[in-house]
Amino acid sequence: MKIYTKTGDKGTTALFGGTRVPKHHIRIESYGTVDELNAHIGLLKDQDIQQAYKDLLSHIQDRLFTVGAVLATDPEKAILKSGKERLNIPKISDENIVRLEKEMDNMNDSLPPMTNFVLPGGHQTVSFCHIARCVCRRAERLATALNELEPIEPNTLMYLNRLSDYLFVLARKLSSDLEADEIKWIPEKY
């Protein structure tokens with residue numbers, strides 16, 4: 001299979017279903033940012049962290065491929081003439097969202113309460129996690145903008161929202177696990 005098709009040489013790309021749109025279309029920006037997020041999570045997963053984190057991050061990567069597929073599907077072509085869904089994969093479920101919430105609750109139980117905002121940093125692995133969190137927030141902003149134009153599945157938006165929260169709590173937990181300083185933001189006084 002060739003990777004290059006030359007069909008995008010004039011600045012358009014095909015959605016799942018065949019509709020061609022400009023490469024700067026908000027739908028492309030949305031799933032492209034989810035792809036970028038997935039790459040950052042891969043980088044985080046490659047760090048020297050607990051296997052349980054790696055396992056959940058692998059699951060998250062799988063779910064992000066689903067999010068990307070949902071975002072890449074032309075809503076006007078989402079249902080085939082047969083009445084079946086074009087995208088024949090498990091969608092983001094309530095259970096996927098609850099799993100992130102439970103993981104956050106478990107991590108939070110072992111962390112000190114937050115008394116200040118936290119600055120990204122303290123350890124390279126923690127910084128990678130914060131970068132993934134920021135990219136996740138951007139993916140969420142783009143997906144919500146897309147949702148205003150062409151509604152998408154509510155669980156897709158909820159998952160991105162929970163995932164950014166999860167990545168924040170994971171960054172705090174990694175700071176604790178790695179015995180890194182959690183840098184509190186204390187505004188400078190003038």
Side-chain angles (χ1 to χ4, degrees), residues 1-46 52-105 131-170:
M1 173 179 142
K2 285 189 177 187
I3 296 299
Y4 61 92
T5 61
K6 301 183 182 182
T7 57
D9 290 351
K10 294 185 180 176
T12 64
T13 192
L15 298 175
F16 192 45
T19 304
R20 295 203 68 81
V21 296
K23 289 187 177 187
H24 61 271
H25 190 281
I26 189 146
R27 186 171 290 282
I28 308 306
E29 288 286 344
S30 294
Y31 74 74
T33 304
V34 169
D35 187 37
E36 181 183 351
L37 170 60
N38 211 332
H40 282 292
I41 288 177
L43 178 63
L44 179 58
K45 191 175 72 175
D46 288 343
Y53 300 147
K54 290 182 181 201
D55 292 344
L56 182 55
L57 291 171
S58 291
H59 174 74
I60 288 167
Q61 286 186 299
D62 173 81
R63 299 291 64 218
L64 287 176
F65 260 83
T66 295
V67 169
V70 167
L71 295 173
T73 301
D74 180 351
E76 293 183 11
K77 296 185 178 179
I79 304 298
L80 300 169
K81 290 178 183 175
S82 66
K84 292 185 178 182
E85 290 188 32
R86 178 176 299 279
L87 195 57
N88 188 22
I89 58 174
K91 304 295 187 310
I92 299 298
S93 67
D94 292 341
E95 291 78 21
N96 296 146
I97 295 163
V98 168
R99 182 173 182 188
L100 292 177
E101 292 171 348
K102 285 181 179 179
E103 291 292 333
M104 282 187 278
D105 292 343
I131 290 169
R133 172 187 57 80
C134 291
V135 174
C136 188
R137 284 285 188 216
R138 180 162 33 96
E140 181 186 10
R141 289 190 303 270
L142 288 165
T144 58
L146 173 62
N147 187 58
E148 286 183 5
L149 300 172
E150 299 173 337
I152 57 179
E153 296 177 9
N155 276 2
T156 300
L157 295 175
M158 288 172 59
Y159 189 78
L160 288 172
N161 183 266
R162 251 14 136 264
L163 180 56
S164 60
D165 293 339
Y166 167 79
L167 291 168
F168 177 77
V169 177
L170 179 60

> Do T73 and Y31 touch side chain to side chain, with heavy atoms closer than 4.5 Å?
Replying inline: no

> So do I92 and E153 actually touch side chain to side chain, heavy atoms under 4.5 Å?
Replying inline: no

> Hey, what do you get for NE2 (H40) to SG (C136), rounding to the nearest 0.5 Å?
Replying inline: 11.5 Å

> Is the CG atom of N88 crowded by more than 12 outside heavy atoms at less than 6.0 Å?
Replying inline: no

> In Å, rounded to the nearest 0.5 Å, how long is the span from CG of L149 to OG1 of T144?
Replying inline: 10.5 Å

> Does any non-hydrogen side-chain atom of N161 lie less than 4.5 Å from one of R137?
Replying inline: yes

> About how many Å separate CD of E140 and CG of L37, when rounded to the nearest 0.5 Å?
Replying inline: 11.0 Å

>> Let's go through E103 and L56 carefully: what are the C-alpha distance in whole Å and the side-chain angles of both, what is the deciding distance for side chain to side chain contact (heavy atoms under 4.5 Å, CB included) to 0.1 Å, and is it a yes or a no?
In response: CA-CA 9 Å; E103 291 292 333; L56 182 55; 3.4 Å; yes

> Which atoms form the tightest heavy-atom contact between E29 and L142, and what is the distance?
Replying inline: O-CD1, 3.6 Å

> Is the closest side-chain heavy-atom distance between Y159 and L100 below 4.5 Å?
Replying inline: yes

>> Using 0.5 Å steps for rounding, measure from the OH atom of Y166 to the CZ atom of R99.
In response: 8.5 Å

>> Restricting to non-hydrogen atoms, name the atom on A132 and the atom on I41 that form the minimum distance, rounded to 0.1 Å.
In response: CB-CG1, 4.3 Å

>> Can you give me the closest heavy-atom contact between E150 and P75, atom names plus distance?
In response: OE1-CG, 3.9 Å

> Between T66 and R63, does a side chain to side chain donor-acceptor pair (under 3.5 Å) hold up when you go through it step by step?
Replying inline: CA-CA 5 Å; T66 295; R63 299 291 64 218; 2.8 Å; yes

>> Working to the nearest 0.5 angstrom, can you tell me the gap between D165 CG and L160 CG?
In response: 11.0 Å

> Within the distance-only criterion (no hydrogens, no angle test), does the side chain of R27 pair as donor or acceptor with the backbone N or O of L71 below 3.5 angstrom?
Replying inline: yes

> Is a side-chain donor-acceptor pair under 3.5 Å present for S93 with N96?
Replying inline: yes

>> Could you report the tightest heavy-atom contact between K45 and K54, atom names first, then the distance?
In response: O-CE, 3.3 Å

> When S30 is tested against each of L146, T156, V67 for side chain to side chain contact (heavy atoms under 4.5 Å, CB included), which residue passes?
Replying inline: L146

>> So, taking the atom named CD in E101 and the one named CE in M158, what distance separates them when rounded to the nearest 0.5 Å?
In response: 7.0 Å

> Passes side chain to side chain contact (heavy atoms under 4.5 Å, CB included), I131 versus L43? Steps please.
Replying inline: CA-CA 10 Å; I131 290 169; L43 178 63; over 6 Å; no

